[in-house]
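Numbers here are sequence positions counted from 1. Both ligands and their constituent atoms are indexed starting at 1 by order of listing.
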Amino acid sequence: MPKTQSKTKVNRKKIYFDDIRSRYFEFFKKRGHVVVPSAPLVPENDPTPLFTGSGMQPLILYLAGQPHPMGKRLCNSQKSFRAEDIMEVGDNRHTTFFEMLGNWSLGDYFKQDQLSWFFEFLTDELKLDPKKLYVTVFSGDNENKIPKDEESINIWKKLFAKEGINAMVVDLVTSDTGSKLGMQGGRIFSYDAKHNWWSRAGPPENMPPGELGGPDSEVFYEFTSVKHDVKYGKNCHPNCGCGRFLEIGNSVFMEYKKSANGKFEKLNQRNVDFGGGLERIAAAMMDNPDVFRNDVFQSLFEDIRIRHGWNYDDANESEKRAMRIVADHMRAAAFIIGDGVTPSNKEQGYILRRLVRRAILNAHEFNSQTSDLYVLIETITNAYKISYPDLHAKSAEIQEIFKEE
Ligand code: GLY
């Protein structure tokens with residue numbers, strides 16, 4: 001068990017979510033965007049998904065063409081929850097709850113502005129090293145007559161050239177072929193729809209009639225401290241699972257709709273739907289592949305250290321795994337309860353119950369008396385005091401529900 005009085009120093013900058021969020025909003029406000037509030041985690045007018053899992057979900061009607069009351073340029077930080085990732089939590093990069101920084105063009109700007117702005121935000125505003133950024137684009141879909149995204153390739157080439165980087169294009173197609181072919185000195189990589197097409201339902205063949213989607217272009221940050229692990233394939237490439245590359249932003253060029261006959265038709269307006277994980281952008285800023293090194297999780301780990309004697313900095317992988325599961329699940333549970341869900345045996349309530357129980361189970365690793373685990377909720381709500389005052393105001397209520405469960 002890690003000792004409380006450890007002197008281990010981990011070399012890291014302090015990165016605050018509040019700071020990244022406000023810099024993102026300021027950056028996009030200067031470019032004509034209106035900041036819209038995050039929608040609740042339980043979708044309001046859409047019974048299909050249990051939770052809001054991306055910033056575009058609440059905007060679907062506006063992406064389809066209905067005028068938005070706040071205009072054509074919007075941005076926000078959307079509370080998001082992906083239940084499908086629950087069993088992945090425990091490694092250094094998966095969380096169930098996350099905040100998605102988003103900006104949208106509802107039939108206004110398109111690829112040129114979007115890719116240039118995001119690159120500028122990362123390199124000029126956040127000061128990420130452009131040499132550590134790699135990008136992917138859509139390689140095209142012959143069956144559905146959707147061409148390769150040459151426009152994005154040309155935009156990226158020019159953006160990298162301005163930074164003195166000669167960006168070579170490599171066609172990788174799938175993760176399997178990507179692993180066979182490897183990096184090949186490339187900077188811009190094209191993949192098929194499995195990686196570079198985005199819709200709520202996934203690739204084109206999974207989209208129901210009426211669903212909107214489009215090719216996307218993702219930006220990856222390279223952690224040079226992570227060496228490729230052949231367990232994930234012979235050669236590394238941006239979509240490799242080894243952890244060397246982390247996706248930090250996805251610009252979806254949402255201009256297609258699947259029609260009733262299964263063919264793809266162009267929408268009347270060309271949209272941009274951008275989503276970038278706040279936790280992941282923070283990890284890139286720290287140049288540390290562990291997304292649990294941000295201010296929110298670190299204050300929670302500090303609380304665990306004080307109360308239970310476990311020190312995250314000195315913990316081995318299995319101890320870290322338990323601490324990450326507790327931290328992730330308790331944060332997710334706090335936000336879900338904060339949005340009005342209570343534990344039950346169905347739908348959102350059932351997912352919440354699973355989170356609470358898995359948190360308690362993993363907390364047994366560092367504390368045999370988990371009955372007082374609920375007090376950690378206060379550390380979480382305090383960490384979000386400025387950005388989510390409603391959550392902070394409900395802290396006692398959330399703790400009560402957690403305690404009862
Ligand atoms: N809507 C874009 C994304 O979730 O990546």
Side-chain angles (χ1 to χ4, degrees), residues 21 24 28 33 36 38-39 41 43 46 48-64 68 73-85 88 93-111 113-115 117-119 121-122 133-138 149 152 189 191-204 206-208 211-221 238-239 245-258 267 269-284 291:
R21 232 186 265 107
Y24 181 76
F28 279 96
H33 291 66
V36 292
S38 170
L41 275 171
D46 187 354
T48 340
L50 287 181
F51 292 101
T52 305
S54 68
M56 64 75 78
Q57 265 170 246
L59 296 173
I60 195 81
L61 288 177
Y62 309 106
L63 290 158
H68 192 284
R73 294 184 181 198
L74 309 175
C75 65
N76 82 356
S77 183
Q78 174 62 46
K79 293 179 280 187
S80 306
F81 178 81
R82 293 188 179 173
E84 61 273 25
D85 286 342
E88 309 281 342
R93 55 190 177 277
H94 282 93
T95 60
T96 51
F97 172 88
F98 59 99
E99 275 181 76
M100 188 181 272
L101 297 180
N103 62 270
W104 293 273
S105 157
L106 303 171
D108 189 355
Y109 60 87
F110 206 45
K111 296 181 182 180
D113 284 330
Q114 172 55 28
L115 299 181
W117 287 341
F118 185 46
F119 194 67
F121 178 69
L122 294 176
L133 301 179
Y134 290 79
V135 301
T136 64
V137 296
F138 186 50
D149 191 356
S152 293
F189 296 84
Y191 287 92
D192 62 12
K194 185 163 174 276
H195 292 298
N196 282 90
W197 176 274
W198 203 90
S199 79
R200 290 180 302 176
N206 293 356
M207 290 167 64
E211 187 66 24
L212 312 186
D216 64 30
S217 181
E218 300 185 325
V219 175
F220 289 78
Y221 183 83
N239 276 302
F245 293 102
L246 185 71
E247 184 217 315
I248 55 171
N250 183 16
S251 300
V252 184
F253 303 115
M254 198 160 273
E255 57 168 339
Y256 293 98
K257 178 172 152 177
K258 194 166 183 175
L267 293 166
Q269 65 184 42
R270 298 190 308 177
N271 305 297
V272 172
D273 160 36
F274 170 80
L278 180 62
E279 284 80 355
R280 288 175 168 215
I281 291 174
V291 304

ask   = Name the residues with a heavy atom less than 4.0 Å from ligand 1?
value = S54, M56, R82, M100, W198, N250, V252, D273
For residues 245-253, dump all side-chain donor-acceptor pairs below 3.5 Å to protein atoms at least two apart in sequence or in another chain.
| unit_1 | atom_1 | unit_2 | atom_2 | d |
| --- | --- | --- | --- | --- |
| N250 | ND2 | D216 | OD2 | 3.4 |
| S251 | OG | Q114 | NE2 | 3.0 |

key: Spatial distance of atom CG (L101) from atom OG (S77) [nearest 0.5 Å]   = 5.0 Å
With sequence neighbours excluded, residues passing ring-ring contact (aromatic ring centres under 6.0 Å, His included) with Y109 = H33, W117
task = Could I get the full list of side chain to side chain donor-acceptor pair (under 3.5 Å) partners for H94, not counting sequence neighbours?
result = D91
request  = Check whether the ring centres of W104 and F274 lie less than 6.0 Å apart, and answer yes or no.
outcome  = no
query = Looking at R200 and E211, does any basic side-chain N land under 4.0 Å from a carboxylate oxygen?
reply = yes
